[in-house]
Amino acid sequence: MNLAELLLEIESVTDMDLERAAAVGRAYDADPELRPVRVGGDPARTKVEGSLEALIRRTGLPISWLTQRVNTRQEFEGGEIVLRPGRGGYTAWDEADGSRRFVLAPNKVDHTVLRSWADGEPGRLDRVADLFTRLCDAIDACYGAATLLPRKRSLPPTDMGLGDIGWLNFFGPAFVDRWPALTSTGLPTRKVANGGVVIRIADEPWAIDDATKQPVIDAVGWDALLRSWGPGTPRGIHVPSYEDHMRYSPGRMEMPWVRGEIERAAARAEKTRGRRYASARKRRMRAQEGRSDLPRVTRATEWSTSFDADDWRSLGKRLFRRLGGELAGPIGRSLLEEIASAPVNLEESIVLTADAGPVEVRWFIDDVDTVDIYFFGASEVTTLVASIYDAWSEG
């Protein structure tokens, strides 16, 4: 199989949304011959029919696609599109000391180009350079490069610096701010909307050597290159940090793991809430076994309010104890937790005895942290409920 010889890699820590993702589709749609014909899993199975932008809009975020433009017995050309809501993705692991370490995974677009296609007719390499520039603009890139395959190490910046200088190089505004000489290397340079620049160091990628790279190296200095430093050099000393790049890109400044950890905690809390609800409901149903003469309640008066679920545990305990009857017994104690941990959009009611007469308790959960509670019964019941609530609120 004749593998593609040119790889375009573009990274972004922009605050990704559907409009920005759709712009990636438009960048490809501008040159349909370079656009993927299939996208999706491994292998890519979803046909791109007419417009990649339209497909991205229908799919929505997140997108994690392998892409394929050519796939025959002799040749393969493909890539990858990974676009997540927010500033990208992340990997995390627990350290030996119990702390949790996070590493950002930027949004990215990779695209390989076959030399057999590029050499097929004049001007195709210029079209590849145009696609590279459009993608950098569309994704609000922080870095990008086009380099020959195979290569031994990753070209985008790592924790230690730049991997190398490519045939095409995109340096985002954080790079340009640190090294203004990137705008005046004497090489063909194109500016994009976010303030970054695309630098092309030679007409053809298969003709580059150390001499063609030297103007870019002179602009950034040897300190920025990987080969100048050993393992363990912190990112942000010799190349801009991801936080530096984020400051040039509008949107939320939080790293993706902040939201991820919140969602993980919420999922754990919801799972615990579900177990507590099921257990409390089971206890209540068991406590109700053997009830024969169910009380009839008059709905002459109503008292209702809405408050935090945590507050319900405090108020409900006081209410049920003061109202007495079944509310102060095993049924009421189980009902307290059942209401506090009930799932969203649940509405239920139960009629129980109280010392002042039968009472209907109705509850509705309109938000995970909010309880709507209603008491129906004789005026003596609802007046007592109101007085207990007033005393609790003042306290």
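When a residue number appears, it is its place in the shown sequence, counting from 1.
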Who are the ring pair (Phe, Tyr, Trp, His ring centres under 6.0 Å) partners of Phe307, not counting sequence neighbours? none
Sequence neighbours left out, what passes ring pair (Phe, Tyr, Trp, His ring centres under 6.0 Å) with Phe375? Give chain and number order. none
Could I get the full list of salt bridge (Lys or Arg N to Asp or Glu O under 4.0 Å) partners for [X], not counting sequence neighbours?
X	answer
Asp17	none
Glu254	Arg259
Glu33	Arg124, Arg127
Arg286	none

Is a side-chain donor or acceptor of [X] paired with a backbone partner of [Y] at a separation under 3.5 angstrom?
X	Y	answer
Arg284	Ala287	no
Asp110	Glu80	no
Trp167	Ala202	yes
Glu11	Tyr143	no
Ser341	Glu337	yes

Salt-bridge contact Arg26-Asp137 (side-chain N to carboxylate O under 4.0 Å): no
Run the salt-bridge test on Glu19 and Arg57 with the 4.0 Å N-O cut-off and return the result as yes or no. yes
Side chain to side chain contact (heavy atoms under 4.5 Å, CB included), paired with Trp65, selected from Val109, Thr46, Leu55: Leu55
Residue list, side chain to side chain contact (heavy atoms under 4.5 Å, CB included) with Ala328, at least two apart or on another chain: none
Any residue meeting side chain to side chain contact (heavy atoms under 4.5 Å, CB included) with Arg321, in chain and number order, not counting sequence neighbours: Lys317, Arg318
Using a 4.5 Å side-chain heavy-atom cut-off and chaining through intermediate ILVMFWY residues, the residues clustered with Met285 come out as none
Give every donor-acceptor pair under 3.5 Å between a side-chain atom in residues 35-44 and any protein atom, sequence neighbours left out.
| residue | atom | partner | partner atom | Å |
| --- | --- | --- | --- | --- |
| Arg35 | NH1 | Asp29 | OD1 | 2.9 |
| Arg35 | NH1 | Gly50 | O | 3.1 |
| Arg38 | NH1 | Arg45 | O | 3.3 |

Using a distance-only test with no angle check, is there a side-chain donor-acceptor pair under 3.5 angstrom linking Asp210 and Gln214? no
Are Phe171 and Trp179 close enough, and set up right, to give a ring-ring contact (aromatic ring centres under 6.0 Å, His included), and what steps lead you there? CA-CA 10 Å; Phe171 295 101; Trp179 296 300; 7.5 Å; no
How long is the gap from OG on Ser387 to CG on Leu319, to the nearest 0.5 Å? 9.0 Å
Is it true that the NZ or CZ of Arg69 lies under 6.0 Å from the centre of Trp117's six-membered ring and within 45 degrees of the ring axis? yes
Under the side chain to side chain donor-acceptor pair (under 3.5 Å) definition, can you give me all pairs with a residue in residues 188-198, not counting sequence neighbours? Asp130-Arg190, Asp140-Asn194
Tell me the side chain to side chain donor-acceptor pair (under 3.5 Å) pairs involving residues 372-383, sequence neighbours left out? Thr301-Thr382, Ser306-Asp372
